[in-house]
2 protein chains.
Amino acid sequence: MFTMKKEDPRSIRSRRMLKEAVFTLLAENEDVSQLTVQKITNRAELNRATFYLHYEDINDLLRQIVHEIFDELSKKVDPLLKIPRSNEHEQLVAFLDYIYEYRKLFAVLVEHKGFKTSLTNLLKKTIQARRDARGEDLPPNLVSLDIIGASLLGIIMWWVKDGIQFSSEYVAEQIARLYKKE
Amino acid sequence: MFTMKKEDPRSIRSRRMLKEAVFTLLAENEDVSQLTVQKITNRAELNRATFYLHYEDINDLLRQIVHEIFDELSKKVDPLLKIPRSNEHEQLVAFLDYIYEYRKLFAVLVEHKGFKTSLTNLLKKTIQARRDARGEDLPPNLVSLDIIGASLLGIIMWWVKDGIQFSSEYVAEQIARLYKKE
DNA sequence: CTATTTTATCGACATTCCGTCAATAAAACA
DNA sequence: TGTTTTATTGACGGAATGTCGATAAAATAG
């Protein structure tokens with residue numbers, strides 16, 4: 001049996017308040033570089049020193065927020081990877097729909113290095129899974145995973161930041177056209 | 001005849017020193033977010049207040065540096081666009097070679113919004129020029145300029161930040177494979 | 001060439017943010 | 001309930017910011 005060491009409810013509440021403060025501030029500010037510990041703790045109605053008990057700095061807090069979002073995103077993506085490739089378009093749209101749902105947050109976090117790395121890794125993992133599923137009918141002149149991951153990241157960054165008027169369906173179709181050899 | 005209002009040589013020298021200070025600091029720091037006006041003016045051996053006479057803030061200074069680099073880059077790219085498409089590969093390699101030359105600076109500046117916009121516009125302009133040159137044999141299922149620009153930006157960002165061990169030749173070939181329908 | 005005007009640079013000030021104390025308050029536990 | 005543990009807090013020193021008036025250097029007029 002695991003002896004789960006109980007966490008002080010004050011800590012849990014403080015961390016929740018700090019994260020919520022970041023969410024509301026980002027929704028107003030639109031710019032991650034304008035965040036200060038001062039603003040965050042004011043919004044969370046906590047002392048500034050309390051922040052440093054839970055996080056090393058603002059980047060550390062953002063890192064953890066990113067981690068949690070990716071846990072959730074991975075949980076939604078992983079089952080999709082098990083579906084056969086006939087549904088590739090639906091898979092892609094479902095994935096993009098999730099991003100669209102969090103587009104404002106993504107538009108901010110996509111500037112964060114850890115976020116870019118996590119998202120790229122998820123994309124590469126997904127592409128690799130598809131290639132594995134396809135088996136032997138791989139095209140001979142293969143584009144490397146790095147390149148595909150980087151280009152997909154670029155498209156998603158553009159979409160959430162400057163092209164959010166386009167639907168998931170449109171972006172999915174454009175991506176399909178780009179990568180499909182015909 | 002234009003009456004060029006002469007600039008105070010002190011101003012010219014100060015701006016030059018401040019820009020050079022940024023270059024040397026970025027070459028050491030590797031991180032644009034760690035720049036401070038303090039550090040820049042210390043390195044430039046100028047008073048901190050002098051900085052604010054010439055630039056609004058650090059972003060303003062970076063904006064102007066970006067602008068100058070793109071003036072230079074555009075001058076190199078524009079002639080290439082006039083060459084017929086048989087030399088597309090050489091054009092792409094020449095373009096990437098220029099980026100490779102400034103890769104350390106690019107790796108830093110590519111985080112800057114103005115830089116991304118400028119680079120994307122240049123890429124889109126280049127792609128459009130090629131499409132125009134090709135005339136009527138355009139593929140029916142065209143990928144939008146926005147999408148191609150965004151994916152190329154993503155690839156270049158990855159290259160200068162995480163994949164600089166790869167040669168211009170390699171990246172050019174991968175890009176060609178990605179966008180060429182066969 | 002000298003005197004005057006213009007303006008670039010500088011030292012200093014108030015403000016804000018940062019990171020870290022010891023003191024206090026709240027939760028966990030015996 | 002009384003004791004131990006730990007989360008929260010106010011306060012302090014240091015650093016960066018943006019903006020003064022004072023000074024020094026360049027441009028200009030006589």
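On a predicted model such as this, the values are computed, not experimentally measured, just so you know. All values below come from the heavy atoms of this structure, side chains included, with hydrogens, waters and symmetry mates left out. Below, chain A is the first sequence line, B the second, and so on; all start at residue 1.
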(message) Between B:I58 and B:P9, which residue's closest nucleotide on DNA chain D lies nearer the 5′ terminus?
(response)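 By nearest-heavy-atom nucleotide position, the 5'-most residue is B:I58.
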(request) Map B:Y52 and B:R10 onto DNA chain D by nearest heavy atom, then report which one ends up closer to the 5' terminus. (result)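 So the residue in question is B:Y52.
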(message) Can you classify the ring geometry of A:F106 versus A:F115 as parallel (below 30°), tilted (30 to 60°) or perpendicular (above 60°)?
(response)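 The rings of A:F106 and A:F115 stand perpendicular, inter-plane angle above 60°.
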Test item: side-chain donor near acceptor, [X] and [Y], under 3.5 Å:
X: A:Y100; Y: A:S167; value: no
X: B:D146; Y: B:S144; value: no
X: A:H112; Y: A:N59; value: yes

Counting only side-chain heavy atoms from C-beta out, which of [options] sits nearest to [X]?
X: A:R48; options: D:dC12, D:dG18, D:dA25; result: D:dC12
X: B:Q38; options: D:dG18, D:dA16, D:dT8; result: D:dA16
X: A:L53; options: C:dT20, C:dT9, D:dT8; result: D:dT8
X: A:S14; options: D:dT19, D:dA7, D:dT9; result: D:dA7
X: A:D8; options: C:dC10, D:dA7, D:dT17; result: D:dA7

(request) Compute the ring centroids of A:W159 and A:Y170, then answer whether they are less than 6.0 Å apart. (result)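 They do not qualify: ring centres at least 6.0 Å apart.
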Rounded to whole angstrom units, what separation is found between the [atom1] atom of [X] and the [atom2] atom of [N]?
X: B:L61; N: D:dT17; atom1: CG; atom2: P; answer: 12 Å
X: A:N59; N: C:dC18; atom1: CG; atom2: P; answer: 12 Å
X: A:E56; N: C:dC18; atom1: CD; atom2: P; answer: 14 Å
X: B:E45; N: C:dT9; atom1: CD; atom2: C1'; answer: 14 Å
X: A:F51; N: D:dT9; atom1: CZ; atom2: P; answer: 14 Å
X: B:N42; N: D:dT17; atom1: CG; atom2: P; answer: 11 Å

(request) Classify the nucleic acid contact of A:S11 as base, sugar-phosphate or nothing, counting any heavy atom under 4.0 Å across all strands shown. (result)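 Sugar-phosphate, no base atom in range.
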Side-chain N,O ([X]) to OP1/OP2 ([N]) below 4.0 Å:
X: A:N47; N: D:dG10; value: yes
X: A:H54; N: D:dT8; value: yes
X: A:T50; N: D:dT9; value: yes

